[in-house]
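To keep things clear, I will list the structure first and then write my remarks on it.
In the text below, chain A, chain B and the rest are named by the order of the sequence lines, each starting its count at 1.
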There are 2 protein chains.
Amino acid sequence: MNLRDRTRQLAVQEILDTALRLFTEQGFEATTIAQVAHEAGVSQRTLFRYFGTKEDLVGGAQDEFVALVGTTLREQPDDVDAWTALREALAAALSVHATPLDALARFRLIHTTASLRAAYLGKRVRLQEELVPLVEARLDGSVPAAGSATTRARAVLGTVFGCFDAAMATWLDHDGEGDLLDLYDEAVAAVRGARA
Amino acid sequence: MNLRDRTRQLAVQEILDTALRLFTEQGFEATTIAQVAHEAGVSQRTLFRYFGTKEDLVGGAQDEFVALVGTTLREQPDDVDAWTALREALAAALSVHATPLDALARFRLIHTTASLRAAYLGKRVRLQEELVPLVEARLDGSVPAAGSATTRARAVLGTVFGCFDAAMATWLDHDGEGDLLDLYDEAVAAVRGARA
DNA sequence: CGCCTCTGTGGCAGCGACTGCCAACTAGTC
DNA sequence: GACTAGTTGGCAGTCGCTGCCACAGAGGCG
């Protein structure tokens, strides 16, 4: 790896750390880009070259999350149904967070800041649309169903992510105690009923 | 009603019409607030006094929608279960749109513009949180369920709105043909199975 | 080792959304 | 008809974000 690449990676990490620190200390809105750039030791212009928007300073990890859901879903065997495959994808994506404590801080920041939450939701919606064909291929064909396959796939995706949000909200309410995936299972069970 | 109030209402309508026209003609991002204000015959400052953000120029109807879902849900008889009550609330909220054509244009604009979509999703998430206690009171208590009532209520809400999004996406794909509520029923059926 | 090239960086000016402040105006009141 | 109070508009300023250009330093070459 080049010297250039190494220094750049160092700068990126420094920016991310500084940003998360300042955002949690004094709030997202109250922190200016100029402040983050200055304290991280880079120019404002460079900061915007690395991260396109202020929200990306927090949501960078979310991009990995989104990407991982997609790749994991693709890797599932063909005979796994949509619900199971999506659950596996969420589980895999959640495992990227090194420490749950870091995840808690980051998720809470996103959850409590309007603009961050909006940015996150926007990315998620885009992910959902990407996954539609993948889910469509896994729909249970044994039971004749009404409506187009696309609508049904979208409904499954909306439900999965809706239940994931429900689990996340409760998880944050309880300060990250308990397993997020267990809460997700509870949420899905509440909607679909207990099944094998 | 005062003369003041009347002229103000007139100005508001003029601004809304101008905004929707310009947004659909040349796109949301490509249209500046200055342009809308000028063509509507008011100052920029006044425009921002009426509408806090650029997104509100489109999403104003969404606010009614959101409010109507809440009030309708509250008005449902106590013995109506959560799913049915929420369906009724959505149906009532959808009926506010005078012409489906206007609704189509507005929904499509929101659906295809990233920032508008993010703003809409943010508002909806807030609505969901408001509705949690109302749904919680309507959860089916006849079957013992795992997990906290709050989580289950959030899951139901997430699913309902997730399915609504699925229906909306398909509805927009088909240029607004068919009944949105029928599509919603299809989506819910795909998730929960056909029930009485 | 010295030179050259080329990528990456920083500064600057500028745009657009949005806000606070103040002055001018005018609808409502007595 | 004058006074008051709420409305409006303009101005300046902040903040996120972008295009442009000059410069420095890293990587490749003889």
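At whole-Å resolution of the value, CZ in B:R6 and P in C:dT26 are 17 Å apart. As a whole-Å value, the separation of B:R49 CZ from D:dT8 P is 7 Å. Distance, B:I15 CD1 to D:dT7 C1': 13 Å, rounded to whole Å. What separates CD of A:Q44 from C1' of C:dA13 is a distance of 13 Å, to the nearest Å. In this structure, A:E29 atom CD and C:dC18 atom P are separated by 12 Å, rounded to whole Å. Between the CZ atom of B:F51 and the C1' atom of C:dA17 there is a distance of 16 Å, given to the nearest Å. To the nearest angstrom, C1' of D:dG16 lies 12 Å from CZ of A:F23. Going from atom CG of B:L47 over to atom P of D:dG10 covers 13 Å, rounded to whole Å.
The side chain of A:R4 lies closest to D:dA26 when the candidates are C:dC18, D:dA26, D:dG19. Closest to the side chain of B:V42, out of C:dG16, D:dG9, C:dC18, is D:dG9. Side chain of A:K54, nearest nucleotide from C:dG28, C:dA17, D:dC17: D:dC17.
Regarding contacts with the backbone of D:dG27, a side-chain N or O of A:N2 is found under 4.0 angstrom from either OP1 or OP2. Here B:Y50 does not reach the OP1 or OP2 of D:dT7: none of its side-chain N or O atoms lies under 4.0 Å away.
Counting non-hydrogen atoms under 4.0 angstrom, B:T31 reaches the backbone sugars and phosphates but no base.
Counting non-hydrogen atoms of other residues, nucleotides and ligands closer than 6.0 Å to CZ of B:R21 gives a total above 12. For B:D5, the CG atom is densely surrounded, since the number of other residues' heavy atoms within 6.0 Å is greater than 12.
Judged by distance alone, with hydrogens and angles left aside, the side-chain atoms of B:R138 form a donor-acceptor pair with the main-chain N or O of B:V80 at under 3.5 Å.
Between the side chain of A:R45 and the base of C:dG8, no donor-acceptor pair under 3.5 Å is found. With hydrogens and angles ignored, no donor-acceptor pair under 3.5 angstrom links the side chain of B:R8 to the base of D:dG6.
A donor and an acceptor atom, one from each side chain of A:Q13 and A:D17, are located under 3.5 Å apart.
Sequence order on DNA chain C of the closest nucleotides to B:D5 and B:T53 puts B:T53 first from the 5' end.
Taken to the nearest 0.5 Å, the CG atom of A:L131 stands 7.5 Å off from the CZ atom of A:R74.
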